[in-house]
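So the structure is just underneath, and the comments pick up after that.
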2 protein chains.
Amino acid sequence: MKLSTRGDYAVRALLELSTAEADNAIPLGELAERTRIPAKYLEQILMRLRTARVVRGKRGARGGYMLARDPHRVTVGEVIRAMEGPLAPSLCASQTAHTACPAYRCPSEDACVMRGLWAEVRDAIAGIVDHTTFGDLAARTREQQAAAREMYYI
Amino acid sequence: MKLSTRGDYAVRALLELSTAEADNAIPLGELAERTRIPAKYLEQILMRLRTARVVRGKRGARGGYMLARDPHRVTVGEVIRAMEGPLAPSLCASQTAHTACPAYRCPSEDACVMRGLWAEVRDAIAGIVDHTTFGDLAARTREQQAAAREMYYI
DNA sequence: ATAAAACCTACTAACTGGATAGGGATTATC
DNA sequence: GATAATCCCTATCCAGTTAGTAGGTTTTAT
């Protein structure tokens with residue numbers, strides 16, 4: 001159930017964008033440097049995120065990338081789905097990309113025991129990632145940093 | 001977060017073995033036929049499951065495969081891990097195969113916001129699959145079949 | 001002895017992940 | 001209006017994994 005680097009990179013880059021000031025575009029090069037993600041690879045990821053309407057690009061000099069919305073309105077789940085596809089372990093249990101069950105002995109959608117289990121798992125994952133926004137993550141990051149500073153002063 | 005066919009096949013084959021009578025070995029060919037999984041591929045999967053001590057093979061004529069334990073003592077989580085690796089979205093949040101966080105800006109294990117989130121997801125998944133056994137699944141299957149028969153008689 | 005079966009190793013084709021490369025289009029600034 | 005910075009887009013490449021096939025060796029019930 002591991003995330004590919006694509007998903008991991010996307011989340012990390014967005015967290016970086018979320019902690020930046022609103023309406024302040026960060027150029028690819030700087031974002032890549034800050035996150036230590038290969039620039040040209042990050043560019044492709046940002047293209048996907050743009051297609052998903054999660055980020056916006058501003059062209060030309062002084063351009064860069066910024067969140068397309070308020071960080072509190074961008075969920076982690078939406079980003080993971082954009083990068084990795086549906087959350088469900090099996091497409092027969094997916095709400096966003098449902099397909100028929102591949103099992104030979106699947107009695108019917110409603111009666112399929114495996115599908116029931118995969119749907120439980122999907123709901124459990126979605127319950128977390130769809131209710132966590134980049135606004136939340138940015139806030140937690142700030143809290144952590146404040147806590148670290150306090151430690152330092154003692 | 002999708003399962004590969006390997007994981008899906010493994011679970012389906014084990015469910016088939018779980019509904020069989022105890023101590024009654026099912027030969028590869030029959031298991032493949034019942035589940036409609038390519039026989040030689042299923043064989044490799046069963047080899048892995050044997051290494052994981054989930055199934056046992058009985059050689060020679062009248063041989064076949066059977067569960068190595070009572071179905072109620074084989075969890076879905078254990079099988080998924082054997083086929084797909086750790087459940088956690090990132091290895092930094094894995095309990096079974098922990099490694100350092102790959103993020104450049106990771107402040108520390110305990111303070112890492114991303115790791116916290118991935119750990120939540122891992123716990124949510126594990127909470128389901130580690131508490132669901134093939135005994136449970138077999139029972140649910142029998143219930144469904146009984147319900148289907150009842151429908152038929154009405 | 002024979003046939004049925006697990007066991008094991010090697011191979012292959014296709015796909016995916018993780019990049020790298022390079023050119024075209026747009027825009028702020030001088 | 002030239003220029004430099006920047007996004008935008010497509011192509012290519014390599015390595016590893018997935019999904020499957022093939023064919024042999026060993027064990028065992030009959």
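Below, chain A is the first sequence line, B the second, and so on; all start at residue 1.
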Short side-chain to backbone donor-acceptor contact, A:E16 and A:L31, under 3.5 Å: no
Per-nucleotide protein contact string for nucleotides 23-30 of chain C (B base, S sugar-phosphate only, - none; heavy atom under 4.0 Å): --SBBSS-
[X] [atom1] to [N] [atom2]: how many Å, rounded?
X: B:D8; N: D:dG20; atom1: CG; atom2: P; result: 11 Å
X: A:E30; N: D:dC7; atom1: CD; atom2: P; result: 10 Å
X: A:L17; N: D:dC7; atom1: CG; atom2: C1'; result: 14 Å
X: B:M83; N: D:dG20; atom1: CE; atom2: C1'; result: 14 Å
X: A:Y41; N: D:dT12; atom1: OH; atom2: P; result: 19 Å
X: A:M47; N: D:dA11; atom1: CE; atom2: P; result: 11 Å
X: B:L28; N: D:dG20; atom1: CG; atom2: C1'; result: 14 Å
X: A:I45; N: D:dC7; atom1: CD1; atom2: P; result: 14 Å

Quiz item: B:E84 side-chain donor-acceptor pair to D:dT18 base, under 3.5 Å: no
Atom pair OG1 (A:T96) and CD (A:E78), whose distance is rounded to the nearest 0.5 Å: 12.0 Å
Euclidean distance, A:I37 CD1 relative to A:L46 CG, rounded to 0.5 Å: 8.5 Å
5' priority, DNA chain C, between A:A39 and B:R50 [closest heavy atom]: B:R50
Taking only N and O in the side chain of [X], is any of them less than 4.0 Å away from OP1 or OP2 of [N]?
X: A:S4; N: C:dT16; answer: no
X: A:Y9; N: C:dG18; answer: no
X: B:Y65; N: C:dC7; answer: yes

Polar side chain donor-acceptor pair, A:D8 to A:T5, under 3.5 angstrom: no
Sugar-phosphate, base or nothing in reach of A:L46, heavy atoms under 4.0 Å: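 No contact at all - A:L46 keeps every heavy atom at 4.0 Å or more from the nucleic acid.
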Sugar-phosphate, base or nothing in reach of B:G64, heavy atoms under 4.0 Å: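 Since only primed, P, OP1 and OP2 atoms lie under 4.0 Å of B:G64, the category is sugar-phosphate.
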Test log, rule salt bridge (charged side-chain N to carboxylate O under 4.0 Å, His left out), inputs A:E109 and A:R115: CA-CA 7 Å; A:E109 288 274 301; A:R115 179 171 181 264; 3.3 Å; yes
B:R48 vs B:E43, salt bridge (charged side-chain N to carboxylate O under 4.0 Å, His left out): CA-CA, chis, key distance, verdict: CA-CA 9 Å; B:R48 283 194 186 220; B:E43 188 180 14; over 6 Å; no
Any pair counted as ring pair (Phe, Tyr, Trp, His ring centres under 6.0 Å), so long as it reaches residues 32-78 of chain A, sequence neighbours left out: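 Qualifying pairs, neighbours excluded: A:Y9-A:Y41.
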